[in-house]
Amino acid sequence: MGHAGQLIELAQLFVKTFNHITATVLVMKLPGDTISTNYTDSFTDHTRIKFIHFPPMDLDLFQDCPTVGFTADAVINCHKPIIRELVASRLTRLGPSEPDGPDPVPKLGALVVDMFCTPMIDVAKEFNLPTYVFFSSNAAFLGIMFYFQTLQDELGQDIHELSHSSTELLVPSYANPVSPSIVPIVLSDRDQWSKRFIRYTRKYREAKGIIVNTFLELEHHALHSFDDNTPPVYTVGPLIKPEKPKPKDEVLDWLKGQPKSSVLLLCFGSRGWFGVDQVREIAVALERSGCRFIWSLRRPSPEEHKGFPGDYTDYSEVLPDGFLERTDGKGKVVGWVPQAEVLDDVATGGFVSHCGWNSILESLWYGVPVATWPIYAEQQLDAFQMVKDLGLAVEISLDYNQMNKSQKLVPAETIEKGIREVMDCDSVVRAKVKEMSAKSRMAREEGGSSYMSLRRLVDNIM
Ligand SMILES: O=c1ccn([C@@H]2O[C@H](COP(=O)(O)OP(=O)(O)O[C@H]3O[C@H](CO)[C@@H](O)[C@H](O)[C@H]3O)[C@@H](O)[C@H]2O)c(=O)[nH]1
């Protein structure tokens, strides 16, 4: 969801800002994903956005993929022929409509591909169609991908060794030296890097431009670290789900009766889950802090790192005895939570987050400070950037990584300390977050940095 939501929001931005643009969003489905169809369709009712949903693929085809990332790669590659056919039809069916015929299909001006859909760059090339990569994480992470690829391809360095050494790394896109302990597995593991991430990065260099969901005022340092060998980078963020009338929801109703800035949200993205021992540490910390809370607690998929987490039917299976009774009225334990709507409520005062980039941007947009708890993907680096480089978050952990077999539990004391810090009404971090919130909104307004960058992008496409 971290990718799909943003891409649809980008499509909306194109069509709402420019009357002459239409967008077709192609949605591939990962096996086991039960959320995306409803979610993507609820995103927009704009007539100049069309969706094409490809049917889900048979899970058996991907049995040998070790992680969801490899599965995604395999799924994407399987879609190459169908995308080729679609692009070909959109280029040849151009022209004025017959008096009684169907409306003409608009001319394809460009293909925008998700950061993992780089095989489609080759498809576009066959038709001389310009391709732009949509990078749904931040500019600093894009920077470290380019940096590592240059080190390997041009200077012959072994990235696996480098990210397992004891020497801090001077990565141009981060203001502070990066400890190898927070280099995510996707970059430091030999298989993940060489079989997936370096391939993506090499292909990014072939794109006509890279569209990043960020804004200049937030990532000034990273955005100025790119060299001339990088395609032009367009900042169009923050892309946030448009504010609609709030849905009828038990959690949102409960939130309405709570005092201002008193509730802590704990939510760990579309794939976040914890084992029972870690869940108990969180529960102990919450009780000790005495804080009001909404906790999105999800159960691991039976295949852990391969699948998507689901909902518990009975939370007392994993929570300490009596926890739900003792916190009744003070907190809510739920499954999938309307995160953006919760962050938008004045009662929400802090957010324990896995630091997925959408969650970070949403927290800034709504001015709610984050306590960092990365879990997977590039999230350790996002947490590092927020805490160390930008001073916009407090730390619960920077180096937690669920894929690491020797990962230790984060103890209740550390979690409680993070909760108290993030809920502090007078903290410097909170004041800085409020300031960045205003800047994030200005960036998107007419004349703002992201608005101007979008205009440059469309001029370039046209
Ligand atoms: O209970 C939930 C959980 C999530 N969300 C929403 O789902 C999105 C989740 O996005 P994100 O915070 O980026 O997390 P992931 O889904 O984990 O995103 C993936 O994609 C991001 C963008 O590339 C990366 O930064 C992450 O590390 C990667 O895991 C956000 O809009 C949330 O508001 C909800 O509304 N309710």
Side-chain angles (χ1 to χ4, degrees), residues 1-10 30 33-36 38-40 42-43 67-69 72 113-117 133-142 144-145 182 184-187 197 200 210-214 237-244 246-247 249 251-252 265-273 294-299 305 308-312 332-345 348 351-366 368 370 372-386 393 400-403:
M1 289 328 305
H3 296 226
Q6 289 189 35
L7 253 171
I8 295 163
E9 205 22 51
L10 178 68
L30 282 175
D33 168 12
T34 52
I35 310 168
S36 70
N38 297 337
Y39 188 79
T40 49
S42 69
F43 236 96
T67 65
V68 76
V113 298
D114 172 80
M115 61 191 276
F116 294 152
C117 292
V133 170
F134 178 62
F135 196 78
S136 51
S137 186
N138 49 74
F141 183 57
L142 177 65
I144 193 172
M145 287 175 74
I182 60 154
I185 285 191
V186 290
L187 304 187
F197 276 75
Y200 301 143
I210 304 177
I211 307 167
V212 187
N213 184 8
T214 189
L239 297 172
I240 304 286
K241 209 160 79 160
E243 285 162 34
K244 289 188 180 164
K246 293 200 173 146
D249 182 276
V251 170
L252 296 176
L265 169 67
L266 300 94
C267 185
F268 302 91
S270 45
R271 288 183 38 230
W273 56 270
I294 294 170
W295 179 6
S296 167
L297 174 59
R298 309 190 67 218
R299 70 169 334 136
H305 303 301
F308 286 85
D311 288 343
Y312 286 104
K332 290 248 167 227
V333 182
V334 293
W336 182 266
V337 73
Q339 179 176 296
E341 286 83 356
V342 170
L343 290 172
D344 187 23
D345 197 293
T348 307
F351 180 18
V352 176
S353 170
H354 73 315
C355 301
W357 190 237
N358 296 279
S359 296
I360 297 284
L361 291 176
E362 286 164 14
S363 81
L364 293 175
W365 184 262
Y366 293 112
V368 179
V370 156
T372 61
W373 191 333
I375 303 189
Y376 52 90
E378 90 298 12
Q379 293 148 17
Q380 293 156 297
L381 284 169
D382 301 350
F384 169 79
Q385 185 188 20
M386 288 296 287
Y400 187 91
N401 190 329
Q402 201 166 54
M403 305 282 280

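Here the structure is a predicted model, which means the values were calculated and not measured. Every number for a ligand or one of its atoms is a count from 1 in the order of the listing. For the single chain, residues carry numbers from 1 onward in sequence order.
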Under 3.5 Å, side chain of [X] to main-chain N/O of [Y], donor-acceptor pair present?
X      : Y      : result
Gln385 : Leu381 : no
Thr348 : Val342 : yes
Ser296 : Gly335 : yes
Asn213 : Leu239 : yes

Please indicate whether any nitrogen or oxygen in [X] is less than 3.5 Å from any nitrogen or oxygen in ligand 1.
X      : answer
Arg271 : no
Gln339 : yes
Gly335 : no

message: Looking at every non-hydrogen atom in both residues, tell me the closest pair between Asn138 and Val212 and how far apart they are.
response: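 Nearest heavy atoms, Asn138 then Val212: C-CG1, 4.1 Å.
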field: Heavy-atom closest pair, residues Ala377 and Pro184
entry: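 So the two residues come closest at O-CB, 3.2 Å.
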Out of all atoms in ligand 1, which are within 4.0 Å of some heavy atom of [X]? Include the element for each.
X      : value
Ala377 : 27 (O)
Trp357 : 13 (O), 24 (C), 25 (O)
Ser137 : 23 (O)
Gly269 : 3 (C)

Hey, is [X] touching ligand 1 through its side chain, its backbone, both or neither, going by heavy atoms under 4.0 Å?
X      : answer
Cys267 : side chain
Ser359 : both
Tyr376 : side chain

- request: If the plane angle is over 60° it's perpendicular, under 30° parallel, otherwise tilted; pick one for Tyr376 and His354.
  value: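 Taking His354 first and then Tyr376, their aromatic rings sit tilted (interplane angle of 30° to 60°).
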- prompt: Have Gln6 and Ser136 got a donor and an acceptor in their side chains that come within less than 3.5 Å?
  reply: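 No, Ser136 and Gln6 have no side-chain donor paired with an acceptor closer than 3.5 Å.
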task: Please work out which of Met115, Glu9, Lys241, Glu378 has its closest non-hydrogen atom nearest to atom 24 (C) of ligand 1.
output: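 Result: the heavy atom closest to atom 24 (C) of ligand 1 is in Glu378.
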- request: Check each of Phe134, Phe141, Phe135, Trp336 against atom 6 (C) of ligand 1 and report the one with the nearest heavy atom.
  value: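 The nearest heavy atom belongs to Trp336.
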task: Taking the six-membered ring for Trp and the full ring for Phe, Tyr or His, determine whether the centres of Trp273 and Phe268 are under 6.0 Å apart.
output: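 No, the ring centres sit 6.0 Å or more apart.
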query: Would you say His354 contacts ligand 1, with heavy atoms under 4.0 Å as the rule?
result: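 Distance cut 4.0 Å: His354 passes for ligand 1.
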- prompt: Heavy atom of Gly5 under 4.0 Å from ligand 1?
  reply: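 No; Gly5 lies far enough from ligand 1 that no heavy-atom distance drops under 4.0 Å.
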